[in-house]
Enquirer: 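Just passing along the structure, written as structure tokens.
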Amino acid sequence: MRGPHNIVRLIRTGATLERTGAMKVVLDAFEAGPLLRGVFRGLVWPFQWLGYKGDVTTPPAVRALTALGPAYIKFGQILSTRPDVVGDELAVQLRVLQDKLPPFPVEEAKAEVQREIGLSVEEVFSSFSEPVAAASLAQVHKAHLADTGEAVAVKVLRPGIEKAFRKDIDAFYFAARAIELLSPASRRLRPMEVITHFEGVVMGELDLRLESSAASEFAANTAGDSGFQVPAVRWHLSGRRVMTLDWAEGTNIGDNAALDAAGHERRALAARVLQVFLNQALRDGYFHGDMHQGNLKVAADGDIIAYDFGIMGRIDEYTRRVYAEILFGFIRKDYQRVAEVHFEAGYVPADRDVDEFARALRAVGEPIFGMDASRISMARLLAYLFEVTERFGMETRTELILLQRTMVVVEGVARSLDQHMNIWQVAQPIVQDYVTKSIGPKALMNDLMKTARILARFGPQLPRIAEEQLIRLNNPPPPPKPQRRRARIAWMALGGVLVGCAWAIRTLL
């Protein structure tokens, strides 16, 4: 339940960060000033005894996030790809969260496989290894099929993971609601919708049947992409809590020393990672939403291999065109057109000044061009973007949350391979090709043909639809009955209680 009992969960979060020493690490990474440090540590220090102890053998940040649970681990995974934001040292520490978490016993995994596919592990596999990777939601075992001897990867969900994640999601909902009540300005960012979107993505990741389907569709979309592989799904050995894929051998894309020793060209890999993602997003409208180092490997022949298809993103064709035009406008430094696209798509309220917005976008884009990427402070850039969006009343686009987050992750992966990479130069050919094909005369003719097909399909029903609308207009529904005085008083009392609770929560926190 999303009730006040979640206050304890949120206090415990801060207490765990303080008890494990992660609070100082986080504040140092974000270069927090003395005042902010004093406020944060002063609020949580009295409650540190409520915090989880965690594994004392691990670094503070990893220790805290692992102790707090899967949702926090997911957050840490994202930060591990952003050394320009949290620093190189913390990014390396957080990378452990991607696929090196403590595993659960192999006996439990075997029992789960038997419950899911109805056959014992010994009947299906000639070998079944100890866990080769353990992440926040599941772990992977290497096995060999008994009938053919082929190597496969068997992914098994952690026992009780659904219940554990539900507790975290409930606390996030409570925090989002409290933020909306205490800070009306934050409603522009739609915190409740953001959490709802996050919940939908993660709950889908907890059903491996959906992940198997996603892997199959993703493989079909990228089958013609050179230098990119997706392992095939073994459907007869997959279910809700178990998923079996072909085994694909490779070097972790986050291990630069191993990549260099194997003779791989890291600059080429960095460019390919970014271009593969843009092709997925723009060309297919279906992209891998969790492309961190733990989910990418490099085969002996140099192909990039993708794993873990629990988080996939989908964007419609119109949104893709808007996204491409914005990117292409930045690449060409046409900030006026970028501003116009934002207004045309409804991303910025129509009553704002388009020329002023274009000037603000120029201040965001100009520092990127002609500069070594390693000299750009992405943290400072993102902070400025937030100021711009707030000033112009832009609201959070929930359909783009995953796309934006994945873009940040992919850029982090690419820059870990080549810290001097300029993302705009690498992205230009992909974006330009998409714009040429989707925003030209040929695209216009395709749109007209689609419109004609839809009209032809619904043409016979148009007279009936028009008649129903006319009947509604001529016979409007009766106006609602006025609220009774007692009901109004009850609602006012409820509002007073909610406001009182909100102020009490702010006092406690």
Side-chain angles (χ1 to χ4, degrees), residues 176 179-180 183-201 277-278 280-287 289 312-365 368 381-408 424 427 430-432 434-441 443-444 446-448 450-451 454-455 458 469:
I179 290 170
E180 284 189 348
S183 177
S186 70
R187 295 171 190 166
R188 176 185 64 86
L189 300 176
R190 304 180 185 176
M192 288 294 290
E193 291 188 30
V194 170
I195 300 301
T196 300
H197 176 81
F198 179 63
E199 178 188 24
V201 170
F277 167 71
L278 289 173
Q280 297 166 19
L282 297 178
R283 180 195 65 199
D284 306 327
Y286 191 64
F287 59 92
M312 304 295 291
R314 195 184 296 275
I315 48 178
D316 60 67
E317 189 170 348
Y318 174 74
T319 304
R320 278 184 270 162
R321 293 183 182 183
V322 171
Y323 182 63
E325 275 212 83
I326 291 172
L327 282 178
F328 195 53
F330 269 116
I331 290 171
R332 295 187 303 169
K333 299 186 180 181
D334 188 352
Y335 303 107
Q336 187 69 28
R337 180 54 189 157
V338 174
E340 291 170 356
V341 171
H342 277 81
F343 278 79
E344 291 168 5
Y347 291 175
V348 177
D351 60 347
R352 302 306 170 101
D353 190 320
V354 64
D355 294 325
E356 185 180 351
F357 186 57
R359 286 194 295 273
L361 292 173
R362 179 180 294 275
V364 173
I368 295 175
L381 179 63
L382 291 173
Y384 185 74
L385 276 172
F386 180 81
E387 293 175 10
V388 170
T389 59
E390 184 176 25
R391 176 150 47 95
F392 285 89
M394 289 176 62
E395 295 184 338
T396 301
R397 309 294 303 188
T398 54
E399 71 274 18
L400 294 177
I401 289 174
L402 185 58
L403 179 67
Q404 293 166 347
R405 195 211 80 172
T406 308
M407 187 68 195
V408 169
W424 300 109
I430 302 297
V431 177
Q432 187 168 352
Y434 176 79
V435 170
T436 302
K437 293 178 179 177
S438 64
I439 312 176
L444 177 60
N446 289 334
D447 290 344
L448 291 175
K450 290 179 182 178
T451 303
I454 293 173
L455 289 175
F458 289 97
Q469 292 299 321

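The structure displayed is predicted, hence computed values, not measured ones.
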Enquirer: What I'd like to find out is whether the side chain of R352 reaches to under 4.5 Å of the side chain of F357, using heavy atoms alone.
Expert: no

Enquirer: Looking at CD1 of I315 and CG of D284, how far apart are the two atoms once the value is rounded to the nearest 0.5 Å?
Expert: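 The CD1 atom of I315 sits 10.0 Å away from the CG atom of D284.
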
Enquirer: Give a yes or no answer on whether the side chain of R314 reaches the backbone of G285 with a donor-acceptor pair at less than 3.5 Å.
Expert: no

Enquirer: Can you check whether Q336 reaches D334 side chain to side chain, under 4.5 Å on heavy atoms?
Expert: yes

Enquirer: Measuring from F277:CZ to M407:CE, what's the distance to the nearest 0.5 Å?
Expert: 6.0 Å

Enquirer: List the atom of F287, the atom of T406, and the distance in Å for their closest heavy-atom pair.
Expert: CE1-OG1, 3.7 Å

Enquirer: Under the side-chain hydrogen bond (donor to acceptor under 3.5 Å, both in side chains) test, which residues partner E325, sequence neighbours left out?
Expert: R337

Enquirer: Looking only at non-hydrogen atoms, find the nearest pair between V348 and F343 and report the distance.
Expert: CG1-CZ, 3.6 Å

Enquirer: Distance from R359 atom CZ to D353 atom CG, nearest 0.5 Å?
Expert: 6.5 Å

